[in-house]
K.L.:
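Quick one: structure below, then a few questions.
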Amino acid sequence: KEHVYIGIGSNLGDSEQQAADAFDAIDNLEGTRLLKTSSLYASKPMGPQDQPDYINAVCLIETTLKPHSLLKQLQSIELECGRERKGDRWGPRTLDLDILLYGSEHIDTADLIIPHYGMAEREFVMVPLFEIAPTMVMKDGKPIANWVANCSLDGLRRLRA
Ligand SMILES: CC1(C)Nc2nc(N)[nH]c(=O)c2N=C1O
């Protein structure tokens, strides 16, 4: 079994419900158990601003699924939730599920890069991740606590459970 952190994002439809449904769907994946979920966070879009604010969260699972199998399963969850990609990759979407970390593995293939390439520049990933993994040390050797302490937190708001 491996410990895997998954990022969740949505800014189309009922995003809070989408996130809740995603947690359930992830928990029901074969060989997978949902161990922790962060709060939901409302966040200003990174990239084009002419789209709705996002709902973001991070969850921790333990799974026997290998990275590419987990990726395929997450992509089918996105499709089940009516994933429609309007516009380009920076456009709004009903549900994004990203594998952020898979154990201590480093994977660099065409369809899967782990650790997630942009995570360490994204408050909407790092803050929820810190909430459920406060003692984590990033791959550059810096504690996530330091990163969060130094970020501006503008455009990010924690939703009360
Ligand atoms: C378009 C881009 C980079 N911007 C985002 N911006 C925010 N706030 N949250 C996201 O999940 C998100 N996802 C994206 O893919």
Side-chain angles (χ1 to χ4, degrees), residues 3-27 29 32 34-61 67-68 70-102 106-134 136 138-140 144-145 147-161:
H3 276 189
V4 178
Y5 289 90
I6 295 170
I8 294 165
S10 169
N11 73 336
L12 281 181
D14 178 350
S15 294
E16 291 188 40
Q17 188 56 52
Q18 296 271 22
D21 293 348
F23 286 150
D24 286 345
I26 289 168
D27 192 29
L29 288 179
T32 300
L34 184 61
L35 300 180
K36 279 189 190 174
T37 59
S38 74
S39 309
L40 300 186
Y41 291 78
S43 63
K44 291 289 172 210
M46 180 180 110
Q49 299 296 303
D50 57 342
Q51 60 179 312
D53 285 0
Y54 280 78
I55 292 293
N56 284 112
V58 170
C59 66
L60 169 63
I61 62 171
H68 281 86
L70 178 60
L71 175 70
K72 292 283 165 263
Q73 298 284 341
L74 294 178
Q75 286 171 342
S76 61
I77 291 174
E78 289 175 341
L79 291 173
E80 281 155 29
C81 291
R83 167 146 188 152
E84 40 172 309
R85 244 188 212 277
K86 289 192 177 139
D88 62 5
R89 54 171 293 145
W90 293 78
R93 68 287 314 275
T94 49
L95 184 65
D96 243 353
L97 299 175
D98 291 322
I99 302 174
L100 303 174
L101 298 165
Y102 186 104
H106 284 68
I107 297 167
D108 196 338
T109 61
D111 62 345
L112 191 53
I113 298 175
I114 297 177
H116 187 275
Y117 63 94
M119 65 182 282
E121 289 79 45
R122 298 180 173 192
E123 284 186 6
F124 59 82
V125 171
M126 299 292 276
V127 171
L129 180 57
F130 172 67
E131 182 186 347
I132 62 173
M136 184 179 282
M138 306 311 294
K139 64 186 176 199
D140 60 4
I144 190 169
W147 194 98
V148 170
N150 295 322
C151 72
S152 63
L153 289 179
D154 63 343
L156 194 71
R157 177 170 55 86
R158 181 165 170 259
L159 303 181
R160 289 275 159 239

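Keep in mind that the numbers below use all heavy atoms, side chains included, and drop hydrogens, waters and symmetry copies. Treat the numbers as computed from the prediction; the structure is a model and nothing was measured. Count residues from 1 along the sequence. One-based numbering, in listed order, for ligands and for the atoms of each.
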K.L.:
For D111 and H68, which heavy atoms make the closest approach, and how far apart are they?
P.N.:
OD1-NE2, 3.0 Å
K.L.:
Can you list every pair where an N/O of ligand 1 is under 3.5 Å from an N/O on the protein?
P.N.:
{"from": "ligand 1", "atom 1": "4 (N)", "to": "M46", "atom 2": "O", "distance (Å)": "2.9"}
{"from": "ligand 1", "atom 1": "6 (N)", "to": "M46", "atom 2": "N", "distance (Å)": "2.9"}
{"from": "ligand 1", "atom 1": "8 (N)", "to": "S43", "atom 2": "OG", "distance (Å)": "2.8"}
{"from": "ligand 1", "atom 1": "8 (N)", "to": "K44", "atom 2": "O", "distance (Å)": "2.8"}
{"from": "ligand 1", "atom 1": "9 (N)", "to": "N56", "atom 2": "OD1", "distance (Å)": "2.9"}
{"from": "ligand 1", "atom 1": "11 (O)", "to": "N56", "atom 2": "ND2", "distance (Å)": "2.8"}
{"from": "ligand 1", "atom 1": "15 (O)", "to": "R93", "atom 2": "NH1", "distance (Å)": "3.4"}

K.L.:
Could you pull out all residues at least two apart from D53 that satisfy side chain to side chain donor-acceptor pair (under 3.5 Å)?
P.N.:
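Side chain to side chain donor-acceptor pair (under 3.5 Å) check on D53 returns K44.
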K.L.:
Any heavy-atom pair between the side chains of S39 and E131 that's under 4.5 Å?
P.N.:
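They are in side-chain contact.
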K.L.:
If you look only at distance, which donor and acceptor atoms sit under 3.5 Å apart when one is on a side chain in residues 16-24 and the other is two or more places apart or in another chain?
P.N.:
{"from": "Q17", "atom 1": "NE2", "to": "D21", "atom 2": "OD1", "distance (Å)": "2.7"}

K.L.:
Only counting residues at least two apart or in another chain, list the ones meeting side chain to side chain donor-acceptor pair (under 3.5 Å) with S15.
P.N.:
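In terms of side chain to side chain donor-acceptor pair (under 3.5 Å), with neighbours along the sequence ignored, S15 is linked to S10.
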K.L.:
Minimum heavy-atom separation for P52 and P92, please, with both atom names.
P.N.:
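Looking at all heavy atoms of both residues, the closest pair is CD-CB, 4.3 Å.
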